[in-house]
S.K.: 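Got a structure for you, questions after.
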Amino acid sequence: ISPPLKDVVHELEIQLTGRAHPEVFIFPEIYGFLQTAAFLFTLSFNKHRQVILRRFLFCWGTVYLYRSITITVTSVPIPGTHIICQPKWGEQFTYYAVFKKVFNIFIRFGMKMTNESAGNSTLTCGGYIFSGHTHANLTSLLFLYRYTPKKLFFNPIIYKIWKYGLGFLTTISIFCIIISREHYTV
């Protein structure tokens with residue numbers, strides 16, 4: 001296994017704190033899940049919910065298609081030494097096994113915490129340039145900004161606090177993804 005690539009943020013983190021922080025990766029996972037759930041909840045108050053949901057799923061799917069192409073054509077070393085990747089398929093390759101693995105990832109939303117709670121601590125490695133967690137957080141944030149009815153908030157000041165608070169938490173979430181060494185800074 002080759003060592004991780006040099007990354008400015010990872011090196012700065014080591015200089016400031018003396019170690020990596022893989023434990024902070026739980027925040028982006030919980031926050032991304034809650035943010036997506038909040039978007040789907042606020043979607044129920046919009047009279048054009050089917051059109052908005054169709055747009056959301058189209059954007060989501062398109063970006064994940066680009067992500068799958070990026071994962072296929074790039075090969076970079078694992079960004080942190082704490083990551084344990086699943087072994088390559090080898091002789092146990094069957095279409096059923098691949099379908100089962102894809103289905104399990106889909107059911108668990110590709111999250112590390114749901115994978116570990118199911119007793120599987122190994123990850124499908126490869127998406128270190130194009131973060132699916134960052135994609136989920138940013139897409140949900142942008143759709144929340146665009147489609148949350150302002151009438152849900154009684155005061156425009158509360159709406160602005162909510163809007164800037166979500167932006168701040170999303171920024172913290174992306175920062176946690178990077179300092180946990182689950183992805184490179186790109």
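Everything quoted here is computed from the prediction, not taken from an experiment. Reckoned from all heavy atoms, side chains included, excluding hydrogens, waters and symmetry mates.
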S.K.: What do you reckon, is CG of Leu57 surrounded by more than 12 foreign heavy atoms closer than 6.0 Å?
M.R.: yes
S.K.: Are Ile172 and Leu141 joined in one hydrophobic group, where the rule is that I, L, V, M, F, W and Y side chains link up if heavy atoms are under 4.5 Å apart?
M.R.: yes
S.K.: Could you check whether any side-chain N or O of Ser180 sits under 3.5 Å from a backbone N or O of Ile177, counting only pairs where one atom can act as donor and the other as acceptor?
M.R.: yes
S.K.: Closest heavy-atom contact between Ser68 and Leu65?
M.R.: OG-O, 2.7 Å
S.K.: Quick one: side chain to side chain donor-acceptor pair (under 3.5 Å) partners of Thr17, sequence neighbours excluded?
M.R.: His21
S.K.: Any side-chain donor-acceptor pair under 3.5 Å between Arg49 and Tyr147?
M.R.: no
S.K.: Do Ile174 and Leu138 have side chains that get closer than 4.5 Å, going by heavy atoms?
M.R.: yes
S.K.: Please name the pair of heavy atoms, one in Gln35 and one in Ser140, separated by the smallest distance, quoted to 0.1 Å.
M.R.: CG-CB, 3.8 Å
S.K.: Apply the side chain to side chain contact (heavy atoms under 4.5 Å, CB included) test between Thr170 and each candidate in Leu142, Leu144, Asn137; give the one that qualifies.
M.R.: Asn137
S.K.: Are there more than 12 heavy atoms of other residues, nucleotides or ligands under 6.0 Å from atom CZ of Phe27?
M.R.: yes
S.K.: Between Ile158 and Asn155, is any pair of side-chain heavy atoms under 4.5 Å apart?
M.R.: yes
S.K.: First locate atom OG1 of Thr72, then atom CZ of Arg67, and finally report the distance between them rounded to the nearest 0.5 Å.
M.R.: 10.5 Å
S.K.: Taking the side chain as every heavy atom from C-beta outward, state whether Gln50 and Leu53 have any atom pair closer than 4.5 Å.
M.R.: no
S.K.: Could you grab the distance from atom NZ of Lys160 to atom NZ of Lys150, nearest 0.5 Å is fine?
M.R.: 7.5 Å
S.K.: Compare every heavy atom of Tyr145 with every heavy atom of Lys163, then report the nearest pair and how far apart it is.
M.R.: O-OH, 2.9 Å
S.K.: I'd like to know if the side chain of Thr36 and the backbone of Phe33 have a donor-acceptor N/O pair within less than 3.5 Å.
M.R.: no
S.K.: Are Leu40 and Ile52 connected in a single hydrophobic cluster, I mean Ile/Leu/Val/Met/Phe/Trp/Tyr linked by side-chain heavy atoms less than 4.5 Å apart?
M.R.: yes
S.K.: Is there a path of hydrophobic side-chain contacts, each under 4.5 Å between heavy atoms of I, L, V, M, F, W or Y residues, that connects Tyr164 with Ile157?
M.R.: no
S.K.: Hey, does the side chain of Thr42 reach the backbone of Phe39 with a donor-acceptor pair shorter than 3.5 angstrom?
M.R.: yes
S.K.: For Tyr66, I'd like to know if atom OH has over 12 heavy atoms of other residues, nucleotides or ligands within 6.0 Å.
M.R.: no
S.K.: Taking all non-hydrogen atoms of both residues, which atom of Tyr31 and which atom of Ser173 are closest, and how far apart?
M.R.: CD2-CB, 3.8 Å
S.K.: How about His133 and Phe25: are their ring centres within less than 6.0 Å of each other?
M.R.: yes
S.K.: Parallel, tilted or perpendicular: which one describes the rings of Phe41 and Phe45, with boundaries at 30° and 60°?
M.R.: perpendicular
S.K.: Parallel, tilted or perpendicular: which fits the ring planes of Trp162 and Phe153, with parallel below 30° and perpendicular above 60°?
M.R.: tilted
